[in-house]
Amino acid sequence: MATIRLTNSKTRRKEDFVPLDPAMLRIYVCGPTVYDRAHIGNARPVVVFDTLFRLLRHVYGRDGVTYVRNFTDVDDKINARAADTGRPIRDITDETIGWFHDDMDALGALRPTHEPRATEYIGAMIAMIESLIAKGHAYAAEGHVLFRVRSYRDYGALSGRSVDDMIAGARVEVAPFKEDPMDFVLWKPSEASLPGWESPWGRGRPGWHIECSAMSYELLGESFDIHGGGLDLQFPHHENEIAQSCCAHPHGGFAKIWMHNEMLQVEGRKMSKSLGNFFTVRDLLEQGWPGEVIRMVYLMTHYRSPMDWTAEKARQAEATLRKWRALVAGAGQGSPAPAVVAALADDLNTPGAIAELHELAKAGDGAGLKASAALLGLLEDHMGDWTGANVDLSPWAGRLADLRAAAMATKDFAPVDALKAALLAAGVEVRMSKAGVELVPGPGFDPAKLDAIG
RNA sequence: GGCGGGUUGGCGGAGAGGUUACGCAGCGGAUUGCAAAUCCGUGAAGACCGGUUCGAUUCCGGUACCCGCCUCCA
C-alpha cells in the first residue's frame, strides 16, 4: 500500500498519513456559503480535495472514505440577498446549491458522502454552545453567546499567533459585552425580519464558525483524519473551529491533519470585481471551456502554491487532453501507474502526476494513461463529449480525398486547398499523407461551420 | 504593525545535496503537392549576498521584490 504523505498545516510539516481507523477514513472540507454562483476561486478546494478523495479511495477502498463538505445556508450575505430580492431564503439557498452541484459536476468532482446544510444542524449547534457555556468556555451577554478565547490555551496554534499579538494590530469588532476583544460570536440575536431559531438565549442564529464544529462532530465524531479548506480560512475560521471543538470535546483530537490550498489569481492579478477579472465557473463553461479543461488547469499547479488562471494555460490543457483522449479511445482496462500514484501520494503532487501521464502517453500506454488519469478525475468517459470525436467526419474526408486524387492528376490544387481551408476554419485538423486523408476535430471545432460549407 | 508563503530556462511548472524533470513555444532534420499531425535531434534555469560542504538551484542566515491572512471571503 502506498504511503501517503501530506503537509499538515498544524505542524507545518509533511507527515506520513496514518489513518485513525484504516477501515473508514474521515475527511471534512469547508464548503460554500450559498448565496451566489461559485467563482473560480471557490472551485479550487473542490477540485483539490476531490483529487485527494479519489486518491484515498484508491488506496483505502471505494467505500473506505467518508467525505463531508457542508453548505453554509445561514449567513448575513444570504439575508442581504433575500432582502434585496424579496425572495424567500430557502429559494435562494436551494437554487444556489443546485447551481453549485451543476458547476462542480461539470468539473468532474465526485459528490461527497455527506453534504450537510447548516440549517439542519441548529439543534446540534445549540447543544454544543450549551456545553461550552457549562464548561466555562463561553458566556451569554445581551442575547449573544461568545467564546471565551482566553479559556483555550492553544488558541492561535494553527495560524501561529498568540492572542496578544492578534490584539496588537487587529481590526476586531469592539462590542461592549465582550470580555476580551478577540472573543468571537457563537450565537447572535435575530430581529423579527431575520431568520432565527428559539434558543436558551432567545430567538437568534448561529455564528459562522460553530456550524463546522457541530456538523463534523455529528457526522465524523470528536476525532477525524483530515480537515481541509482554503488558506484564507485558516484564521479565524479554522482557529475558531479548533477552539470550539476541542473545548466541547476535550477527549477528542478534532482534525488530525489540516490541509490548506493556496489562493487563486487571474492573469497574474488578484481576482476581484473591480479589476474586471472576476469569473464564475459558469462564466468559463459558457465561454466554451470544457469542465475537464478547467479541472486540468487547476491540477497543473500544486495545491499549496498560488494558482494563476490564464487563457494560455487553458489552451494548453485543452490541447493536451485532446491528444490524450485520442490515444485513450478504445484502450482496454488498465491499472494506475505506480509513478502516478506515488506522485499523488507525495502531498498530492498533481503537476508531478501530470508529468507522469505525459510519460505514459509518450510510451503509448493508453490503458495505463486512462486508468492513471482517472485518479485525477481526467479522461473519464462521461467527460469527453467536448472533443467532438463523436462527430462523423468521414464524408468530408471522402470528398477531400477525391478532390486530392483529381488534383494530383491535373496539378490544380486550388479546389483541394479551398475545402481544406474551410475545414480548418471549422476547427478540423486536416492530415493528408500518402496513406490517405484523416480529419480530426481540433481546437475550436464547430460542427455548425461544417454544415455551412454545404 | 503581527503572522505566513513565494522568487527555477521564452512561458507554465516539479523533484532531488552530486546524474535528462515534464509540458508548451523555439531551432535543425525526416515526412508532405503545400500544410497539419507524427517521429528524431537540439539550445535554454534556479532574484541577490554570505555561510555549511569535496560539491547547493536544493540546507542555513541576510538583502531585495512579490503575494496571502489579520475585515465577508475558498
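Note that the structure is a prediction, hence the values are computed from the model and not measured. Residue numbers start from 1 in every chain, and the chains themselves are labelled A, B, ... in the order their sequence lines are given, proteins ahead of strands.
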**Request:** Please check if any side-chain donor atom of A/H209 sits under 3.5 Å from a side-chain acceptor atom of A/E239, or the reverse.
**Result:** no

Distance between [atom1] atoms of [N] and [M] (Å, rounded):
N     : M     : atom1 : value
B/U8  : B/C67 : P     : 14 Å
B/G12 : B/C54 : P     : 37 Å
B/C11 : B/G26 : P     : 15 Å
B/G55 : B/G17 : C1'   : 8 Å
B/U57 : B/G18 : P     : 11 Å
B/C27 : B/G10 : C1'   : 13 Å
B/C72 : B/U63 : C1'   : 36 Å
B/A45 : B/C22 : P     : 15 Å

Could you tell me how the ring of [X] sits relative to the ring of [Y]: parallel (under 30°), tilted (30 to 60°) or perpendicular (over 60°)?
X      : Y      : result
A/F224 : A/Y28  : tilted
A/W309 : A/W289 : perpendicular
A/Y155 : A/F184 : parallel
A/F100 : A/F71  : perpendicular

Return the nucleotide paired to [N]: Watson-Crick means purine N1 to pyrimidine N3 with N6-O4 or O6-N4, wobble means G-U with N1-O2 and O6-N3, both under 3.5 Å.
N     : answer
B/A47 : B/U63
B/G18 : B/C54
B/G26 : B/U42

Starting at [atom1] of [X] and ending at [atom2] of [N], how long is that distance when rounded to a whole Å?
X      : N     : atom1 : atom2 : answer
A/N240 : B/C69 : CG    : C1'   : 14 Å
A/E262 : B/C73 : CD    : P     : 18 Å
A/Q265 : B/G12 : CD    : C1'   : 14 Å
A/Q234 : B/C70 : CD    : P     : 11 Å
A/W324 : B/G23 : CH2   : P     : 10 Å
A/R161 : B/G1  : CZ    : P     : 16 Å
A/L233 : B/A74 : CG    : C1'   : 6 Å
A/E312 : B/G23 : CD    : C1'   : 11 Å

**Prompt:** Side-chain N or O of A/T72 less than 4.0 angstrom from OP1 or OP2 on B/C72?
**Reply:** no

Out of [options], whichever nucleotide has its closest atom nearest the side chain of [X]:
X      : options             : result
A/K313 : B/G13, B/G4, B/C69  : B/G13
A/M300 : B/G12, B/A74, B/G23 : B/G12
A/K77  : B/C72, B/G23, B/G15 : B/C72
A/K362 : B/C22, B/C24, B/A74 : B/C22
A/L264 : B/C73, B/A74, B/C70 : B/A74

Name the nucleic acid region contacted by [X], choosing base, sugar-phosphate or nothing; use a 4.0 angstrom heavy-atom cut-off, strictly under.
X      : answer
A/S305 : sugar-phosphate
A/E359 : sugar-phosphate
A/G41  : base
A/P306 : nothing
A/R304 : nothing
A/H302 : sugar-phosphate

Pairs: protein N or O with nucleotides 31-38 of chain B N or O, under 3.5 Å:
unit_1	atom_1	unit_2	atom_2	d
B/U32	OP1	A/K434	NZ	2.6
B/G33	N1	A/D417	OD1	3.0
B/G33	N2	A/D417	OD1	3.4
B/G33	N2	A/D417	OD2	2.9
B/C34	O2	A/K420	NZ	3.0
B/C34	N3	A/K420	NZ	2.9
B/A35	N6	A/M432	N	3.1
B/A35	N6	A/M432	O	2.0
B/A35	N1	A/V430	O	3.2
B/A35	N1	A/M432	N	2.9

**Request:** Run the salt-bridge test on A/R69 and A/E115 with the 4.0 Å N-O cut-off and return the result as yes or no.
**Result:** yes

**Request:** Please state whether the base of B/A74 and the side chain of A/H39 form at least one donor-acceptor pair under 3.5 Å?
**Result:** yes

**5'-most by nearest nucleotide on RNA chain B - A/T301 or A/N261** = A/T301

**Message:** Among A/T119, A/T33, A/T93, which residue satisfies the side chain to side chain donor-acceptor pair (under 3.5 Å) criterion with A/D73?
**Reply:** A/T119

**Prompt:** Looking at A/Y303, is A/R44 sitting on its ring face, NZ or CZ under 6.0 Å from the six-membered ring centre and within 45 degrees of the normal?
**Reply:** no

**Request:** Side-chain contact test, heavy atoms from C-beta onward, threshold under 4.5 Å: evaluate it for A/D347 versus A/R5 and give yes or no.
**Result:** no

